[in-house]
Each structure stands twice: as structure tokens, then as C-alpha cells.
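Notes for the one structure printed next.
For reference, positions follow the sequence shown, starting with 1. Just so you know, these numbers use all the heavy atoms, side chains as well, and skip hydrogens, waters and symmetry mates.
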Amino acid sequence: MYVARVPNRGSPPAILLRESYREAGQVKTRTLANLTRWPEHQIDALSQVLKGLPPKVELGETFDITRSLAHGHVAAVSGTARRLGMEELIDPTPSHHRDLVMAMLVAQVIAPDSKLGFARGLRAETATSSLGMSWGSPAVMKMTCMR
């Protein structure tokens with residue numbers, strides 16, 4: 001794909017998003033979109049990306065990351081526990097309590113702590129991983145595990 005500027009006699013040039021392909025040994029082009037109404041900076045940015053060049057704007061400056069929770073280790077331990085059949089060992093029927101026990105089991109493997117520490121780890125303000133979001137509502141889980 002590439003951006004093509006096609007002259008238009010007395011009018012501004014048409015700016016088109018095109019792709020080339022071969023058909024019966026001949027090179028042909030297909031117009032995918034008309035970009036004429038796009039702002040110039042947006043067309044330049046698209047051209048840069050299509051050429052495989054890095055964007056002119058540093059992506060770190062574009063986004064403000066307010067908080068990021070670790071998830072890889074939660075997914076790995078949860079997936080392994082599921083493959084081992086831990087959920088069925090705890091309770092063959094799906095339930096909130098089974099999810100709570102699984103979340104507590106995963107939390108103990110990841111970072112052993114007390115029930116209070118586990119409950120704190122589920123709160124959005126004090127979470128250190130995505131465990132609470134992976135296993136249901138953190139508020140409900142915290143209330144249930146502290147009974």
C-alpha cells in the first residue's frame with residue numbers, strides 16, 4: 001500500500017490510498033480510499049507508517065499512562081491451574097465461591113500473603129496485579145473472603 005497524489009487539471013491533487021497487485025503477469029493498482037479531505041499532517045503520518053518508518057511523534061509523549069497492572073504471571077498461573085483441573089477439584093459446578101478459592105490459590109502462588117493481604121491486593125487502589133479483574137468483582141470478592 002502507498003499514498004498516491006494524482007494531479008487534477010485546475011483542482012488540487014487527489015490523494016489516494018492505493019495498493020499494487022499482479023494479475024496475469026501484469027502489475028495493476030487498486031484504489032482503497034480517497035484521502036483528499038484528510039489534514040496534511042495525517043496524510044504524512046500514514047505515508048510514514050506505510051513506508052515502515054517510525055512515526056514523527058514519540059509515542060511515549062502521545063499517551064499518559066496513569067497505571068498499569070501486571071497480568072502475565074496471573075494469566076500463566078491461572079491457565080496452569082485450569083489445565084491441571086483445579087477448578088473441578090474445588091467444586092464441579094461453577095460458582096462465585098469456586099472463583100474466590102481459585103483467586104486465593106492463584107494469589108498464594110504469585111505472592112503468598114494473608115487473607116487481609118489478598119483482599120488488599122484486589123482493591124483497585126492497592127492492586128499490584130490484574131488478579132481481581134481476572135476472577136470477578138474485586139469488591140464482592142473482598143467482602144466474601146473476609147467473612
Side-chain angles (χ1 to χ4, degrees), residues 1-90 94-96 98-114 116-145:
M1 282 195 284
Y2 60 96
V3 175
R5 295 175 191 272
V6 180
N8 273 341
R9 295 187 189 170
S11 304
I15 302 169
L16 307 171
L17 177 63
R18 289 190 163 170
E19 74 174 348
S20 8
Y21 63 99
R22 288 188 173 269
E23 189 174 283
Q26 291 186 344
V27 177
K28 299 194 175 210
T29 60
R30 176 181 310 141
T31 301
L32 301 174
N34 185 344
L35 309 176
T36 306
R37 294 177 193 245
W38 279 25
E40 192 63 35
H41 72 278
Q42 205 169 1
I43 295 168
D44 291 340
L46 179 62
S47 278
Q48 290 277 90
V49 170
L50 291 175
K51 290 176 184 174
L53 301 173
K56 291 179 182 178
V57 177
E58 181 62 37
L59 291 180
E61 298 169 6
T62 308
F63 298 100
D64 290 330
I65 299 174
T66 56
R67 184 155 188 222
S68 175
L69 295 175
H71 179 69
H73 61 303
V74 173
V77 174
S78 297
T80 303
R82 282 191 176 118
R83 278 194 301 276
L84 291 173
M86 292 300 295
E87 289 178 317
E88 287 75 25
L89 286 174
I90 295 166
S95 67
H96 172 70
R98 182 177 87 172
D99 291 346
L100 177 64
V101 172
M102 280 297 295
M104 291 175 87
L105 182 128
V106 169
Q108 288 300 314
V109 171
I110 292 170
D113 208 349
S114 65
L116 180 60
F118 166 71
R120 284 184 185 143
L122 295 177
R123 293 186 58 204
E125 299 83 16
T126 56
T128 56
S129 70
S130 64
L131 182 66
M133 291 176 271
S134 299
W135 286 98
S137 168
V140 173
M141 292 183 97
K142 179 183 175 207
M143 289 175 60
T144 307
C145 79

Hey, could you give me the [atom1]/[atom2] distance between [X] and [Y], rounded to the nearest 0.5 Å?
X     : Y     : atom1 : atom2 : value
Leu50 : Met1  : CG    : CE    : 5.5 Å
Leu89 : Leu84 : CG    : CG    : 9.0 Å
Ser78 : Arg83 : OG    : CZ    : 10.5 Å
Leu46 : Lys51 : CG    : NZ    : 10.5 Å

Looking at every non-hydrogen atom in both residues, tell me the closest pair between [X] and [Y] and how far apart they are.
X      : Y      : answer
Ile43  : Leu35  : CD1-O, 3.6 Å
Ala107 : Phe118 : CB-CD1, 3.4 Å
Tyr2   : Ser20  : CE2-OG, 3.7 Å

Could you pull out all residues at least two apart from Ala70 that satisfy side-chain contact (heavy atoms from CB on, under 4.5 Å)?
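Counting only residues at least two positions away or on another chain, Ala70 forms a side-chain contact (heavy atoms from CB on, under 4.5 Å) with His73.
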Query raised in the report: Who pairs with Pro94 by side-chain contact (heavy atoms from CB on, under 4.5 Å), at least two apart in sequence or on another chain?
Result: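 Pro94 satisfies side-chain contact (heavy atoms from CB on, under 4.5 Å) with Arg98 only.
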Exercise for the section: Identify, with sequence neighbours excluded, every residue that meets side chain to side chain donor-acceptor pair (under 3.5 Å) alongside Ser95. Expected result: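 Testing Ser95 for side chain to side chain donor-acceptor pair (under 3.5 Å), a comparison that skips the adjacent residues, returns none.
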- Query: Excluding sequence neighbours, so at least two apart, what forms side chain to side chain donor-acceptor pair (under 3.5 Å) with Asp113?
  - Reply: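 Partners of Asp113 by the side chain to side chain donor-acceptor pair (under 3.5 Å) criterion come out as none, since no residue qualifies.
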Discussion item. For Met86, run the side chain to side chain contact (heavy atoms under 4.5 Å, CB included) check against Val101, Val106, Leu105 and tell me which one passes.
Written reply: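 Running side chain to side chain contact (heavy atoms under 4.5 Å, CB included) over Val101, Val106, Leu105 with Met86 returns exactly one hit, Leu105.
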Show me the side-chain donor-acceptor pairs of residues 3-14 shorter than 3.5 Å, one per line, residues at least two apart or across chains.
from: Arg5; atom 1: NH2; to: Glu40; atom 2: OE2; distance (Å): 3.0
from: Asn8; atom 1: ND2; to: Pro12; atom 2: O; distance (Å): 3.4

Heavy-atom side-chain contact between [X] and [Y] under 4.5 Å:
X      : Y     : value
Val109 : Thr80 : no
Glu87  : Arg82 : yes
Ile110 : Val74 : yes

side-chain hydrogen bond (donor to acceptor under 3.5 Å, both in side chains) partners of residues 21-30, not counting sequence neighbours, each pair once:
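For residues 21-30, and leaving out neighbouring residues, the side-chain hydrogen bond (donor to acceptor under 3.5 Å, both in side chains) pairs sorted by first residue read Glu19-Arg30.
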